[in-house]
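Naming convention: chains lettered A, B, ... in sequence-line order (proteins, then strands); numbering from 1 in each chain.
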2 protein chains.
Amino acid sequence: MLSAEHLAAAHARLRRYPAKHTIYWEGEPGSFFYQLQAGAVRLYSCGQRQDFIHSLVFPGETFGETVIGTNPVALSSAETLTDTVVWVVQRAELLELLRQHPALHAKFTRRMVDLLSFHTHMRSNTTLLPAAEQILQLVNYYAHKMLARRNEGSCQPDTAQQCSFCERLSESADGYLCVPFTRQQIADMLGLRVETVMRTVKELDAAGRLRLHEHKLYYRLSQPALAGSDSPA
Amino acid sequence: MLSAEHLAAAHARLRRYPAKHTIYWEGEPGSFFYQLQAGAVRLYSCGQRQDFIHSLVFPGETFGETVIGTNPVALSSAETLTDTVVWVVQRAELLELLRQHPALHAKFTRRMVDLLSFHTHMRSNTTLLPAAEQILQLVNYYAHKMLARRNEGSCQPDTAQQCSFCERLSESADGYLCVPFTRQQIADMLGLRVETVMRTVKELDAAGRLRLHEHKLYYRLSQPALAGSDSPA
DNA sequence: CGGGTCTTTGAGTTAAGTCAATTTTCGTGG
DNA sequence: CCACGAAAATTGACTTAACTCAAAGACCCG
């Protein structure tokens with residue numbers, strides 16, 4: 001995450017997009033690096049029959065970091081879920097910024113490690129685990145992430161960095177978190193179908209591994225989070 | 001990839017391992033960074049019923065780059081496929097090396113971008129494409145990679161950097177490459193079953209999308225390679 | 001030549017997908 | 001506060017790509 005000074009030094013421009021607006025398409029030549037200020041974005045690929053969500057981006061997180069590669073191409077499409085405010089940095093400016101600030105470059109590299117860890121985990125989960133375990137892992141990962149965000153105050157309603165997900169992440173007295181994703185989003189993040197998620201979630205509820213109440217999904221933190229201090233985008 | 005000077009500066013040690021030797025296990029605290037000198041390594045995760053191969057590592061490539069994260073944990077197990085020679089670098093030494101050599105750090109970052117690109121592509125492929133297309137994409141990716149290696153001379157038999165895969169990558173006159181993977185390896189890289197790969201490959205042969213001859217798989221380059229100048233490990 | 005590794009095939013099973021229809025939730029304007 | 005339409009959640013019946021299991025062949029190395 002870039003500080004205000006870094007953003008200024010890189011001549012970052014603040015952009016506002018309405019909900020459901022596509023910021024860029026998969027396959028386009030990548031020219032920009034992004035840092036989400038407020039709102040929410042999904043990074044996804046389109047298939048014939050369904051979309052695949054690579055990850056959801058929260059305020060304060062960056063996306064499009066692969067621009068720093070040689071001959072960059074967008075690995076996914078980026079679409080706003082809600083009204084969104086985002087900092088946009090030119091590729092060349094980012095490269096220069098990293099060159100001039102070794103500490104920032106190191107931080108950037110750690111971000112890359114976290115992204116890689118996330119995708120690596122998810123990839124082996126998809127292959128090796130049944131739907132139920134995949135759902136738990138996903139929910140667990142995002143629950144940890146959102147809690148961490150709340151604790152560090154990144155998502156306070158009084159700051160600019162509002163996050164539609166964290167707003168919905170209410171915590172009930174018994175330590176259960178309300179999972180702020182729709183069944184469809186969960187399905188798209190795991191490459192499953194809504195109906196499969198539905199049925200599996202009901203089984204998980206019956207098995208006491210999570211809780212369903214008034215159509216909402218509640219999860220109690222237990223397992224350790226995926227590796228990585230930061231989070232994917 | 002680290003030069004001889006870099007390796008020396010980082011006090012890298014050269015290690016030899018026999019075939020089928022496990023260099024490290026998934027989940028272990030990560031303490032080292034590796035650069036393959038000769039041989040071949042697979043990075044994989046174990047499941048109840050099958051393994052999942054994250055990627056195959058070729059001579060000249062690095063693996064274990066996630067050690068540079070804070071609190072590093074191995075994302076996969078690493079096992080030699082053949083007799084293998086590998087440079088081993090201490091985490092702290094690597095960090096220091098990157099700190100002192102911005103150009104190397106930049107190169108390292110590009111390697112991370114390539115890894116991320118690879119896993120991102122494969123992840124959406126798994127979700128969105130049928131088995132046949134997945135196999136083609138995989139074969140195409142590695143074919144491009146091995147050809148590039150040959151062209152840049154990384155894999156000459158007279159150098160130290162021998163690669164069991166590239167040795168088997170013979171090219172027939174009509175532009176078809178012999179794919180040097182077993183059906184099982186292909187299956188494990190895609191999260192499919194040997195039998196599925198078998199049957200699908202036969203269909204692909206019938207459809208003229210690749211060729212089967214004396215139990216060997218031949219592929220003709222066509223589609224562009226996945227993004228990334230380097231390759232995954 | 002013998003054992004171990006790969007490749008193949010066939011038959012039967014299954015988790016997940018597909019399709020279609022219904023109910024609930026929820027934001028918005030009246 | 002309520003009606004209305006869009007979005008999300010549910011359910012049931014049916015289909016299917018891929019997995020399982022078992023058993024042969026083929027190939028390669030020492």
* For the pair B:Phe63 and B:Phe33, evaluate ring-ring contact (aromatic ring centres under 6.0 Å, His included) and give the outcome as yes or no after the intermediate values. => CA-CA 6 Å; B:Phe63 60 101; B:Phe33 171 71; 8.2 Å; no

* Please report the C-alpha distance between A:Ser45 and A:His54 in whole Å, then the side-chain angles of each, then the deciding distance to 0.1 Å, and finally whether the side chain to side chain donor-acceptor pair (under 3.5 Å) criterion is met. => CA-CA 7 Å; A:Ser45 294; A:His54 293 277; 2.7 Å; yes

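For B:Ala131, counting side-chain heavy atoms from C-beta on, the closest listed nucleotide (D:dA18, D:dA7, C:dT8) is D:dA18. For A:Met198, taking side-chain heavy atoms from C-beta onward, the closest of the listed nucleotides D:dA7, D:dA9, C:dT9 is D:dA9. Distance from the side chain of B:Val194 is smallest for C:dT8 among the nucleotides C:dT8, C:dA20, D:dA9.
For B:Gln184 and D:dT20, the CD to C1' distance is 14 Å, given to the nearest whole Å. Per the geometry, CD belonging to B:Gln48 stands 16 Å off C1' belonging to D:dC19, to the nearest Å. Rounded to whole Å, the distance from CG on B:Leu212 to P on C:dT7 is 11 Å. The separation between B:Lys202 atom NZ and C:dT7 atom P is 14 Å, rounded to whole Å. In this structure, the NE2 atom of B:His213 is 16 Å from the P atom of D:dA26, given to the nearest Å. We find that CZ of B:Arg49 is positioned 11 Å from P of C:dT14, with the value rounded to whole Å. Rounded to whole Å, atom C1' of C:dT18 lies 12 Å from atom CD of A:Gln50. Computed from coordinates, the A:Ile135 CD1 to D:dA9 P distance equals 13 Å when rounded to whole Å.
Between A:His215 and D:dT10 there is a side-chain polar atom (N or O) within less than 4.0 angstrom of OP1 or OP2. Considering only side-chain N and O atoms, A:Lys216 lies nowhere under 4.0 angstrom from the phosphate OP1 or OP2 of D:dA8. An OP1 or OP2 oxygen of C:dT18 is reached within less than 4.0 angstrom by a side-chain nitrogen or oxygen of A:Arg193. In terms of phosphate contacts, B:Thr196 brings a side-chain nitrogen or oxygen within less than 4.0 Å of OP1 or OP2 of D:dC19.
A:Thr200 and A:Glu203 are not linked by any side-chain donor-acceptor pair at a separation below 3.5 angstrom, with hydrogens and angles left out of the test. For the residue pair B:Asn125 / B:Gln137, a side-chain donor-acceptor distance below 3.5 Å is found, with atom types taken as modelled.
Counting non-hydrogen atoms under 4.0 angstrom, A:Arg199 reaches a base of the nucleic acid. Across all strands, A:Glu195 comes closer than 4.0 Å to base atoms (heavy-atom distances).
Between atom NE2 of residue A:His121 and atom NE2 of residue B:His119 there is a gap of 12.0 Å, rounded to the nearest 0.5 Å.
Residues B:Lys20 and A:Leu192 each lie close to DNA chain C; by heavy-atom proximity, the contact nearer the 5' end of the strand is made by B:Lys20.
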